[in-house]
Number of protein chains: 2
Amino acid sequence: MVEVTALTKEEAEHCPVRSVLTRVTGKWQMLILLALEGDELRFGALKRKIGDVTQRMLTENLRTLERDGHLTRTVHAGPPLAVSYALTPQGLSLVGVLKPLVFWAAEHFDAIDASRVKVDAAKA
Amino acid sequence: MVEVTALTKEEAEHCPVRSVLTRVTGKWQMLILLALEGDELRFGALKRKIGDVTQRMLTENLRTLERDGHLTRTVHAGPPLAVSYALTPQGLSLVGVLKPLVFWAAEHFDAIDASRVKVDAAKA
DNA sequence: CAGAATCCGACATGATACTG
DNA sequence: CAGTATCATGTCGGATTCTG
């Protein structure tokens, strides 16, 4: 079994599992990983594919994901300058456990939304 | 297929999948859900089980998870006042897709940490 | 016991402008 | 094209105090 709770404050801050999870469950990381599943994309293409993400956030998150070994950054000599990003085997494997979560969210959204409406109505 | 990217700014803000995910991938929600797998816990017990979480954050996140129908809040007449929390079938199902992610993180931490060390060394 | 209310600092994110 | 630098802002989260 993997323990992620029942930790002291010190243990929690150094918890390996939490350190991995906090870096893939942010607002953009998951979207980036999913966007790269299947194809290697250049910076601009990736930005367009995600749609709503600023250059700054995309760059920052790509660096973090690269540092953790989830993707690779390849510079193709220019001009024009081109940089492409692709999932590593590890990143692909990560996407494999991320997708079920996304599918789950899609499947259960109706029920969740109904719950929200119901709860909000009850306390209103 | 489920689309979560290639959205306009407007679409993204109302994206159902993202609205579900942002509420379960925070710093505490996942830990709360995992802590409740198996047993129904009272507020204090839950707080102790997670270890490092303030009353405020626990309360706040429990309310959100309750609103989304992932767990139930039951008040047992006091005194002393007792309130217990338990996963709903939906919440249990959610934990089912969350755990693989946690296991994945545990399994791959060594490789990820090695990657971090390597990358940091390269640019230093 | 299980919260609610308040204050506050840290960080994440956005917008914008500039560069090799 | 693919960033970097800077500034502004809003939310997250911790600490503390108070209550039925």
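With hydrogens and angles left out, the side chain of B:R56 and the base of D:dG14 share a donor-acceptor pair within 3.5 Å.
The CZ-P distance, from A:F43 to D:dC1, rounds to 11 Å in whole Å. Residue A:N61 contributes atom CG, which lies 13 Å from atom P of D:dG3 at whole-angstrom precision. With rounding to whole Å, A:L58 atom CG is found 17 Å from D:dA5 atom P. For the pair B:W28 CH2 and D:dT11 C1', the interatomic distance rounds to 16 Å; values are reported in whole Å. Taking atom CG on B:L62 and atom P on C:dA4, their separation rounds to 11 Å, with Å as the unit. Nucleotide D:dA2 holds its P atom 18 Å from the CE atom of A:M57, rounded to whole Å. To the nearest angstrom, C1' of D:dA5 lies 12 Å from CD of A:E60. Taking atom CD1 of B:I50 as the reference point, atom P of D:dG13 lies 13 Å away to the nearest angstrom.
Note on B:R63: every side-chain N or O is 4.0 Å or more away from OP1 and OP2 of C:dA2. Within the 4.0 Å cut-off from OP1 or OP2 of D:dA2, not a single side-chain nitrogen or oxygen of A:R73 is found. Look at B:K27 and you'll find a side-chain N or O under 4.0 angstrom from OP1 or OP2 of D:dG14.
Using a 4.5 Å cut-off between side-chain heavy atoms of Ile, Leu, Val, Met, Phe, Trp and Tyr, with links allowed through other members, A:V75 and A:L87 fall into the same hydrophobic cluster. A:I112 is not connected to A:V117 by any chain of hydrophobic side-chain contacts under 4.5 Å among Ile, Leu, Val, Met, Phe, Trp and Tyr, and they are in different clusters.
Listed nucleotides D:dG14, C:dG3, C:dA17 differ in distance to A:Q55; the shortest reach to its side chain belongs to C:dA17. Of the listed nucleotides (D:dA2, D:dG13, C:dT13), D:dA2 has the atom at the smallest distance from the side chain of A:V83.
Using a 4.0 Å heavy-atom cutoff across all strands shown, A:K47 reaches no nucleic acid atom at all.
Remark: A:K27 does not engage A:D52 in a salt bridge, criterion side-chain N to carboxylate O under 4.0 Å. Between A:K118 and A:D113 there is no salt bridge, since no side-chain nitrogen of the basic residue lies less than 4.0 Å from a carboxylate oxygen of the acidic one.
Residue whose closest nucleotide on DNA chain C sits further toward the 5' end, between A:L81 and A:G26: A:G26.
The backbone N or O of A:H70 sits less than 3.5 Å from a side-chain atom of A:T88, completing a donor-acceptor pair.
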